[in-house]
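Only one structure is covered here, and it is reproduced in the block below.
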Amino acid sequence: MELIYASTRNKEERVTASQAILKGLAKGGGLYVPTEIPALDIDMEKLSGMTYQETAYEVMRRFFTDFTEEELKHCISSAYDSKFDTEEIAPLVSAEGAYYLELFHGSTIAFKDMALSILPHLLITAARKNQVKNDIVILTATSGDTGKAALAGFADVEHTKIIVFYPKDGVSPIQKKQMVTQKGENTYVVGINGNFDQAQTGVKKMFSDEKLAEIMNQAGYQFSSANSINIGRLVPQIVYYVYAYAKLYAGGEITKGEKINVVVPTGNFGNILAAFYAKNMGLPIGKLICASNENKVLYDFFTTGTYDKNREFKLTSSPSMDILISSNLERLIYRLAGDDAEKNAEFMCALGKEGRYEITPKMREELKDFYGSYTTEEETAEFIRNLYEKTGYVIDTHTAVAAGVYEKYKKETGDSTKTVIASTASPFKFTRSVMDAIDRDKYSSLGDFELVDELSKIANVKVPQAIEEIRSAPELHKTVCEVDEMEEAVKKFLKI
Ligand SMILES: *Cc1c(COP(=O)(O)O)cnc(C)c1O
């Protein structure tokens, strides 16, 4: 049976999975959501014997129903291959009473690789399926990790171009170096004098600009999105929750049907929404613990029912979570509103106009599966240091936000349910902050790559290929622009 996707803002707009992937964003700014969440109707015995790739197929075929088996399997095997430095793709590491689900073994060492290594294949397949003649222009705003992962995924993919906007002073030195050294004739990287939200707003504006779309079409181009608003990114993220659960079961860590909690360091609300979808498919997940850094707009939302982005934007040591507008939350709001596009559109309109909205008490009740908290910069650093001193295991700043929140959750609730923490980046990607956390006095005078070597020594982990590659790579992208010049930059690159 075909699964149809609806827009969160217009109940008339309905598309197939491949069309939703192609378009990225619905007309009028809505997001595509599946009209129902398919059941994970496979026996756990069977699931627990599956490889990552096999698990991916079982999850994806339930969502992407207009792809053939051959097409999906081809996309999966092209994505989850030797680009990952571990055969398991997403290994689980047990430390201090929690399971860290390491999602950073792909080519850019952050969890965005889990979805962005498959998205180009899904997109090209979707274009073929829908007889698209235009070249696809991927337009992306990044808080650091999406940009590089998308660039790596799309570089030199035929009939695509990729344009990435990042906040010039809002990403880590390693993140920046990874992006500006990107090879590929079809890649374009631009720093903006602004923050991530401004980059994202600029990109969304271009997406919904019909005049621009017409100019693009005349020149043989159309936009699509690699941001986590694309359903083609969200679904691949469901896979690793299913896989992690099955691996815990296979290893005898949990019994059949035993609930686990999941902690997710959250920015744009994509990763935790994938966990929510996994739960709704029937995976035994108890609490969905949403961890924020000092940009704690989500924590405030969960505790008050009011989403309010009118506040100071903070640059933290977990830049990929420095976000005040969590785009994917819209998909949850739509759901809480009883799949009511009109009602959701009202909330989103208020968010656009006043920067805030308040959900109804009834909708709040539906939020009981979620728990939100945050850590301060000091708490994040302290967690990294303590964990390292106790166990020798080094985690990155984003993962540390999650682990710190998990500690708070346990203290507050006494809940001892077995828990998976989404470990979203390699510590090598945020070396400066990680090493500062461990011993600032000792490491603060070292250069970025000296720190990399020190980290490798103290953690007893080989320097990842992604870091080795950029040590001496030349800077290829030097463009910087103002927020209101983003469209000009796009036109210049496409020569339109
Ligand atoms: C993107 C990112 C996050 C936030 O994920 P969302 O899906 O946007 O909530 C957390 N940690 C890292 C390392 C990231 O790159």
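Every number for a ligand or one of its atoms is a count from 1 in the order of the listing. The analysis underlying the following values was restricted to heavy atoms, covering all of them including side chains, and did not include hydrogens, waters or symmetry mates. The first residue of the sequence shown is numbered 1, and numbering continues consecutively from there.
The shortest contact between atom 10 (C) of ligand 1 and any protein heavy atom is with Pro265 O, 3.5 Å. Taking atom 12 (C) of ligand 1 as the reference point, the nearest protein heavy-atom neighbour is Thr424 OG1, 3.4 Å. What sits closest to atom 8 (O) of ligand 1 on the protein, heavy atoms only, is Asn268 N, 2.8 Å.
Note: Asn295 CG to Asp197 CG = 8.5 Å, rounded to the nearest 0.5 Å.
A side-chain N or O of Tyr241 and one of Asn271 form a donor-acceptor pair less than 3.5 Å apart. Between the side chains of Ser225 and Asn230, not a single donor N or O lies within less than 3.5 Å of an accepting N or O. Side-chain atoms of Glu330 and Asn344 include a donor-acceptor pair closer than 3.5 Å. For the 3.5 Å distance criterion, the side chains of Asn280 and Arg335 qualify, holding a donor opposite an acceptor. With hydrogens and angles left out, the side-chain atoms of Thr316 and Ser318 include a donor and acceptor closer than 3.5 Å. Side-chain contact check for Glu377 and Ser317: at least one donor-acceptor pair (N or O, by modelled atom type) lies under 3.5 Å. For the residue pair Glu96 / Thr391, no side-chain donor-acceptor distance below 3.5 Å is found, with atom types taken as modelled.
Near Phe269, the atoms of ligand 1 lying under 4.0 angstrom from a non-hydrogen atom of the residue are 6 (P), 8 (O), 9 (O). Numbered from 1 in the order shown, with element, the atoms of ligand 1 that lie under 4.0 Å from a heavy atom of Ala425 read 13 (C). Within ligand 1, counting atoms from 1 as listed, the ones closer than 4.0 Å to a heavy atom of Asp145 are 12 (C), 13 (C), 14 (C), 15 (O).
At least one N/O-N/O distance between Gly270 and ligand 1 falls below 3.5 Å. Between Thr266 and ligand 1, a contact under 3.5 Å exists for no N or O pair. Taking only nitrogen or oxygen atoms, main chain and side chain alike, Ile323 does not reach within less than 3.5 Å of ligand 1. Taking only nitrogen or oxygen atoms, main chain and side chain alike, Gly267 reaches within less than 3.5 Å of ligand 1.
For the residues His398, Lys112, Gln237, the heavy atom positioned nearest atom 14 (C) of ligand 1 is part of Lys112. Relative to atom 7 (O) of ligand 1, the option among Thr399, Asn271, Asp322 with the closest non-hydrogen atom is Asn271.
Under 4.0 angstrom from ligand 1, the non-hydrogen atoms of Phe111 all belong to its side chain.
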